Amino acid sequence: MKLINKQLKLMLVSTPIGFLGSGKGGGVELTIISLIKGLILLGHKITLVAPKGSKLPFDSENLEIILIDGIDQPSWQHQKRNDPVLIPFNSVLPKLWEVVIDLANQSDAVINFAYDWLPLWLTKVQEIKIFHLISMGAESLVMKEIVREINQLFPLQLAFHTKRQSKDYLLNTEPIIVGNGFDVDNYLFNENENGPLGWAGRIAPEKGLEDAVKVASDLGEKLLVWGLIEDKEYASKIENSSSKGIIDWKGFLPTIKFQEQLGQCRAFINTPKWNEAYGNVIVEAMACGVPVVAYDLGGPGELIEDGLNGFLVRPNDVKGILKAIKSISSIKRRNCRDWFEKKASNKVFAKRVENWINKGLNKDLSLDLQD
Ligand code: UDP
């Protein structure tokens, strides 16, 4: 029996770390934008509550945006394990949630994209159904604990991007994995097998840019680098310790320009030093037909099928990356694009999220999530 889709009214609450388009929110920004488009294509009505300045690259009669002014939240990425919850004076985070609590009775469900304590805790004390797409591994004890509690109380209201990411948390139930998704129309397939090497991500220590620079240096080649410089000291340390001209800084580009340049690469290198929750840039590279060589740490291990769309290498094994780059021509660029279209388009992602929400609202008992 085929279930008939019912239109859902969903309130999506954006990351409080920066406005959409600032780059400060990292991969979550693109996740939200792609998901909104995917959910609208499925016929749902969306209200986005986001920090002031946020912009979406499309419009729809099924989309309403509420913008809230306030100070950016600090990211948990750079807190120490035992650090307490921080809420700065005039922070946008509680302001976002004041609006959500006020308006939530007009929606079937609220989906939270903030990796922060307050929205998770509110789930315990509010009548409204708040669903959380957890976007990071467990970097701090207080976050690990609140995720554990919500899993015990409302297991169907938590989802993760990958199984590996979810393993960071103490969960009582089998985790709901929704993967991630990207707008297929935004990424063009590029056939060129002879381009340069590329790397992209926030320029911050957990992303391990220095290892990719070593690989490029050993090959005597340039490395094209895209991304927001989050840690200036770290960026200049890498710049100063590499030979002149190895790093070609491309800056932080909007998706359309980013993918155009990315697609010219013959290989994309991804060198995380932490349990990467997903790794958007890996899939964006594949979307353009670019094979990826990555450390087998977190998300990359579930996105790269060794020998099909790239190669997986032991974490910190720079020589392993070098070796894999030398045999990159054995990967068919078309396979990378095909993998993307099948597993990580915004449509398949939105479908998985729709199933998750319906399940959480007790509307559909057949859960068809990521395989
Ligand atoms: N990105 C971008 N322009 C650039 C370089 C990167 O928009 O020039 C975006 C990219 O599309 C991705 C995000 O930056 O969505 C990085 O996300 P990822 O999941 O790789 O890592 P995170 O920052 O979330 O840890």
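First listed ligand is number 1; within each ligand, the first listed atom is number 1. Predicted model only: the values in this text are computed from it and were never measured.
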Return the residue, atom name and 0.1 Å-rounded distance of the protein heavy atom closest to [atom].
| atom | result |
| --- | --- |
| atom 9 (C) of ligand 1 | F252 CE1, 4.0 Å |
| atom 10 (C) of ligand 1 | E284 OE1, 3.1 Å |
| atom 3 (N) of ligand 1 | L253 O, 2.7 Å |
| atom 16 (C) of ligand 1 | G27 N, 3.8 Å |

What atoms in ligand 1 come closer than 4.0 Å to a heavy atom of [X]?
| X | result |
| --- | --- |
| L30 | 11 (O), 15 (O) |
| G251 | 8 (O) |
| G227 | 5 (C), 8 (O) |
| V281 | 10 (C), 20 (O) |

Inset, instruction - Fit a plane to each ring of F131 and W356, take the angle between them on a 0 to 90° scale, and name the class: parallel (under 30°), tilted (30 to 60°) or perpendicular (over 60°). - result: perpendicular
Inset, instruction - Determine the interplanar angle of the F182 and F340 rings, folded into 0 to 90°, and report it as parallel if under 30°, tilted if 30 to 60°, perpendicular if over 60°. - result: tilted
When you look for heavy atoms under 4.0 Å from ligand 1, do you find them on the side chain of [X], its backbone, both, or neither?
| X | result |
| --- | --- |
| N280 | both |
| E276 | side chain |
| K207 | side chain |

Inset, instruction - Report yes if some heavy atom in the side chain of F311 is under 4.5 Å from a heavy atom in the side chain of K323; otherwise report no. - result: no
If the contact criterion is a heavy-atom separation under 4.0 Å, does [X] count as touching ligand 1?
| X | value |
| --- | --- |
| G201 | no |
| F258 | yes |
| S135 | no |

Legend entry - Q157 side, atom CD; N112 side, atom CG - distance, nearest 0.5 Å: 11.5 Å
Legend entry - Lys/Arg-Asp/Glu bridge criterion (N-O < 4.0 Å) met for E206, K273: no
Legend entry - Ion pair R333/E193, N-O distance below 4.0 Å: no
Legend entry - Contact summary for A50 and L96, nearest pair of heavy atoms: C-CD2, 3.8 Å
Inset, instruction - Write down the atom of W117, the atom of V142, and the distance for their closest heavy-atom approach. - result: CD1-CG2, 3.9 Å
Inset, instruction - Compute the shortest N/O to N/O distance between R202 and ligand 1 and return yes if it is under 3.5 Å, no if not. - result: yes
Legend entry - Sidechain-backbone polar pair: N151 side chain, N172 backbone, donor-acceptor under 3.5 Å: yes
Inset, instruction - Decide yes or no on ring-ring contact (aromatic ring centres under 6.0 Å, His included) for F258 and F252, but give the supporting numbers first. - result: CA-CA 8 Å; F258 175 46; F252 181 78; 8.0 Å; no
